[in-house]
Amino acid sequence: MLLAYNDEGTGPVVVLLHGFPLSRAMWAEQVRALSPSFRAITPDLRGHGESPAPDAVYTMDQMAEDVVEMLDGLGVTEPVAMGGLSMGGYVALALVLKHPERVRALILADTRAAADTLDAARLREESARGVLQAGHPGAIVEAMLPRLFAESTIRDRPALVSPIRAMMEATSASGVAGALRGMAARPDRREDLRTITVPTLVVVGEKDAISPPDEARAIVEALPDARLAEIPEAGHLSPVENPEAFNAAILDFLRNPT
Ligand code: MLT
């Protein structure tokens, strides 16, 4: 599948994969910070933003193959720094496990290595059906939005929240359902973490309620070569809520990955 993407800056390639149900627009502050020294490539994953949204189950492996196809299309054959937030992190994990030769460093932000519980997978299927029936993602937007941010962000910084709401509302019902079903089907990657030898930065918002700091610490412990950055004043969307701290952490890592 041909993905929509942004490609800005020159230098070593950094690919950033957005969360669900967002788009590449969530990385605006990171692209601004990276592009003076790096080539920042930010795709819209299938079903999101300006990429096609077929009626299908979007497995994390399939989304990873889309990203590899995009890199091939751009002639980027050297190993890249691959980053992903939440669902983007599931995709980044699928990609590094299937194509380790394409990745030289990994950034896992506000994400998990475990699979869904049976209950969580069942709830995702219910949400997918509801959204398809309604023909719009309204129910999932209302359910997710308050959990994406730290309480203080919701209370004090509406200007950060409203563009994220708009991004979510712009996602098609088929895109939302495809991603929900793909995330529900994703495998448990916790044992696989031990086989990932590239340097990895694990980033987590201190107040992340969806993939909490304890989960990030467990990922760091399991990976052979990983370090942790906890982002203050931030929930699940740490790159949006505290871009200064998030960008400082990733720039430091990208300049000195080992
Ligand atoms: C995301 O932010 O991508 C989602 O919260 C991931 C998920 O629902 O597991």
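Just so we're clear, the structure is a prediction, and the values are computed from it rather than from any experiment. Each ligand, and each atom within it, is numbered from 1 in the order the structure gives.
- Side-chain contact of Ser238 with Asp110: a donor-acceptor pair under 3.5 Å is present, judged by distance alone.
- In this view, Ala139 satisfies the side chain to side chain contact (heavy atoms under 4.5 Å, CB included) rule with no residue, not counting sequence neighbours.
- A salt bridge links Asp61 to Arg189: at least one charged side-chain nitrogen sits closer than 4.0 Å to a carboxylate oxygen.
- In the model, Glu241 has no side-chain atom that pairs as donor or acceptor with a side-chain atom of His236 under 3.5 Å.
- Arg102 places no side-chain N or O within 3.5 Å of a backbone atom of Leu71 that could act as its donor or acceptor partner.
- Electrostatic pairing of Glu221 and Arg217 does not count as a salt bridge here, judged by no charged N lying under 4.0 Å from a carboxylate O.
- The protein residues lying under 4.0 angstrom from ligand 1, judged by non-hydrogen atoms, are Gly19, Phe20, Ser86, Met87, Tyr90, Arg112, Arg124, Met144, Met183, Ile210, His236.
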